[in-house]
2 protein chains.
Amino acid sequence: MRQMIEERTGSHSRHPTLCEPHIAHMRFTAHATVLHEGDPARRIMEVVEGAVMLTKLLPDGRRQVVELLGPGDVFGLAACDVYACSAETLTAAIITTHERGALDRDPTLAARLLRRFEAQLCAMHSHALVLGRMSALERVAFFLLRLTPESVVGSTLHLSMTRQEIADFLGLTLETVSRAFSELKRRGLVALLRADEVKIHDHGGMRRLAGAA
Amino acid sequence: MRQMIEERTGSHSRHPTLCEPHIAHMRFTAHATVLHEGDPARRIMEVVEGAVMLTKLLPDGRRQVVELLGPGDVFGLAACDVYACSAETLTAAIITTHERGALDRDPTLAARLLRRFEAQLCAMHSHALVLGRMSALERVAFFLLRLTPESVVGSTLHLSMTRQEIADFLGLTLETVSRAFSELKRRGLVALLRADEVKIHDHGGMRRLAGAA
DNA sequence: CTCTAAGCTTGAGCTACATCAAATCGCGGA
DNA sequence: TCCGCGATTTGATGTAGCTCAAGCTTAGAG
């Protein structure tokens, strides 16, 4: 039901067209697997359009969504020679890839990725604060603010994640996330039009909850 | 009592000598503040020697140690124009700084920092998994393994952090960290020679606990 | 329009960790 | 050597969020 037409989901063959160096852009449907944790790390990828989530699994199946990516964000990283995270699209998405060697040969690319890495590292630092020190309600408030670009203030925000995915991002259970949404609604901070459509009513109150995020 | 001679702690004047562009290396004593969250982000820094921790604070004083750095690691990052984290030395340390503009002018530097950013981003991804999905005992086991370079296997590991600092890194309280240490000892996985000296007895058992980290 | 299944909400009870409160340890200084 | 203070350990109790278990909502298929 969540799956759509699936032109190229990446879930059938695990390295779809990654070996052809000249195919720069790849198009994915929503809920497609782009790459798998543990696969050989051949290329570095960049989100051109759409939203992607990076996940890690524990042997017993516990999952953490470690990062949410939008246009410009970089993934496909590796501490050793295999990917450290899996990547799945949240929406339809366009993704570019670069050979790992290109980083040394192309200073412009390197400079661009460097800036992006800096931003992503800062975002991860914030996320560590969220995961380590914030209450469930604060986490959800923070999450909603983080998804709210200036343009969307006042209008309605579309979540392209299930409660389970949000929970795995925030280090909670889906029930706790659901209860937090209900509580934010009860307090008049947000309105829930549908389960996946939120309108932030009291931006100031949300910021206060989220620790002036 | 934790403080030593303090040649230049950085805690007296908040921008010690950061403005002189030609002073490349700075020497800090243990437990010195290198930079403050919220200060104007003038330079990018690199650990040459020693250990540094990056921390973030919530308005009400809750603290998270977001990253632990060793030689080669980079800090002093900013999403906007101010530092996103404070940085304190854990041990005596030597630190280099680079002008932010140097990243564009010096491709060699950019390439080196890029590699390091990749490693640090991967480490943050792991840390998100730890903070979001692991039990207290698993977190502490993971922490101890992470601090154990191959060279130290078998020999004794010196923690240069208090229980409170470890707790703030792992998203726990100092009491819970202390109990976890005791439990690891009880299970025969580690020996506690002193509060800050640990010997890992059962490396396999620790890895299993930490989720094959 | 109805049926179905995935996703969401809500309730009741449980548990891991936090909090509060004493001891106890161990190092630096007198 | 003894003292004092910060750090650590340990115990007793509280609670936020997890787990288990219903129902409810909604969108897509027939």
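These numbers come from a predicted model, not from an experiment. Throughout, protein chains are lettered first and strands after them, A, B, ... in sequence-line order, and every chain is numbered starting at 1.
Salt bridge status for E118(B) with R100(A): present, with a side-chain N to carboxylate O gap under 4.0 Å. Looking at R179(B) and E183(B), no side-chain N of the basic residue comes within less than 4.0 Å of a carboxylate O on the acidic one, giving no salt bridge.
For the pair R43(B) and Y83(B), the NZ or CZ position fails the cation-pi test of under 6.0 Å to the six-membered ring centre and within 45 degrees of the ring normal. Judged by the 6.0 Å and 45° rule, R139(B) forms no cation-pi pair with F169(B).
At a cut-off of 3.5 angstrom, counting only N and O atoms as typed in the model, there is no donor on one side facing an acceptor on the other between the side-chain of E175(B) and the base of dC17(C). At a cut-off of 3.5 angstrom, the base of dT19(C) holds at least one donor-acceptor pair with the side chain of R179(B).
Straight-line distance from the CD atom of E197(B) to the P atom of dC25(C): 18 Å, rounded to whole Å. Atom C1' of nucleotide dG7(C) and atom CZ of F181(A) are separated by 13 Å, given to the nearest angstrom. A straight line from CG of D196(B) to P of dC27(C) spans 9 Å, rounded to a whole angstrom. Separating the CD atom of Q164(B) from the C1' atom of dA18(C) is a distance of 12 Å, rounded to the nearest angstrom. Straight-line distance from the CG atom of L170(B) to the P atom of dA16(C): 19 Å, rounded to whole Å. Atom CE of M134(A) and atom P of dC17(C) are 21 Å apart (whole Å). Atom CZ in R133(A) sits roughly 16 Å away from atom P in dA16(D) (whole-Å rounding). Counting to the nearest Å, the P atom of dC18(D) and the CG atom of L172(A) are 5 Å from each other.
In the set dT10(C), dA27(D), dC8(C), dT10(C) carries the atom at the smallest distance from any side-chain atom of S182(A). Distances from the side chain of T162(B) to the nucleotides dT8(D), dC8(C), dG17(D) place dT8(D) closest. Nearest nucleotide to the L192(B) side chain, out of dA18(C), dT9(D), dC8(C): dT9(D). Taking only side-chain atoms of S178(A), from C-beta outward, the nucleotide of dG17(D), dT9(C), dC17(C) with the closest atom is dT9(C). If you check dG17(D), dC17(C), dC27(C) against the side chain of T176(A), the one that comes closest is dG17(D). Between dC8(C), dC18(D), dT9(D), one nucleotide has an atom nearer to the side chain of R163(B) than all others, and that is dT9(D).
Each of L137(A) and R194(A) was assigned the nucleotide of DNA chain D with the nearest heavy atom; the assignment lying further toward the 5' end belongs to L137(A).
Counting heavy atoms from C-beta on, the side chains of V74(B) and Q120(B) come closer than 4.5 Å.
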